[in-house]
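Just so it is clear, the model here is predicted, and its values are computed rather than measured. Lettering follows sequence order; numbering is per chain, from 1. The figures here come from the full heavy-atom set of this structure, side chains too, leaving out hydrogens, waters and symmetry mates.
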Amino acid sequence: DSGVTQTPKHLITATGQRVTLRCSPRSGDLSVYWYQQSLDQGLQFLIQYYNGEERAKGNILERFSAQQFPDLHSELNLSSLELGDSALYFCASSVGSPDSQVPYYNEQFFGPGTRLTVL
Amino acid sequence: GENVEQHPSTLSVQEGDSAVIKCTYSDSASNYFPWYKQELGKGPQLIIDIRSNVGEKKDQRIAVTLNKTAKHFSLHITETQPEDSAVYFCAASKNDMRFGAGTRLTVKP
């Protein structure tokens, strides 16, 4: 058990709908990362937050958004869902660094994932 | 941005043999190189990592080597066991993490 929790475990919805995935980081971790893993695909970095602020953006679609709340949990919102959005969505957390310009060793701990199926 | 390539995509070995997975990265500023193991239905789990000021690191049957000049790093698993069967991901990071496409390792009893 990594200490990172994600809910729900499974989500089935229809095209055009909107869903919210939730992540709680490990105790003490200030950084949260979101990844998408499609079938037989690697991990695609979506977005990172540090202590409530967006820190880095990856291959995140405009239909997707995220935020990190004062209690450090994070939500990933997916809207206007398409069939191709079906995937595993992972959240990871790390201690992070207050200075985005200072290199740090960001060992990330992954949650169990949310499996999204769009029908 | 960083681009990580990983080879091979699949690897099948006999129990007891060694397995080697190789990755290359593009951003010379990357300074942290973790390896993750993902079992079916689970999230990736960190198994070993190496930092850019170190050339080699070993943890029991697992070792990682880093060649900064050539921008490549490798995972070595010795005396493989069936429970080593999983998908392995390499990653390179400066501030954000970029993953390789993964290697599906199968260890045959």
Between B:Tyr36 (side chain) and A:Gln108 (backbone), is there a donor-acceptor pair under 3.5 Å? yes

Let me check something: do A:Tyr49 and A:Phe45 share a hydrophobic cluster, defined by ILVMFWY side-chain heavy atoms less than 4.5 Å apart, either directly or through other members? no

Hydrophobic clusters here meaning ILVMFWY residues chained together by side-chain heavy-atom distances under 4.5 Å, can you tell me if A:Leu43 and B:Tyr32 are in one? yes

With a sphere of 6.0 Å drawn around [atom1] of [X], does it hold more than 12 non-hydrogen atoms of other residues, nucleotides or ligands?
X: B:Glu15; atom1: CD; result: yes
X: B:Gln60; atom1: CD; result: no
X: A:Glu62; atom1: CD; result: no
X: A:Arg115; atom1: CZ; result: no

When rounded to the nearest 0.5 angstrom, what is the spacing between [atom1] in [X] and [atom2] in [Y]?
X: A:Ser94; Y: B:Met97; atom1: OG; atom2: CE; result: 7.5 Å
X: B:Gln38; Y: A:Phe90; atom1: CD; atom2: CZ; result: 4.5 Å
X: A:Glu107; Y: B:Arg51; atom1: CD; atom2: CZ; result: 7.5 Å

Kindly give the heavy-atom pair with the smallest separation between B:Phe89 and A:Gln37, and that separation in Å. CZ-NE2, 3.4 Å

Contacting region of A:Lys57 [heavy-atom separation from chain B under 4.5 Å]: backbone

Apply the side-chain contact (heavy atoms from CB on, under 4.5 Å) test between B:Pro44 and each candidate in A:Phe109, A:Tyr35, A:Phe110; give the one that qualifies. A:Phe110

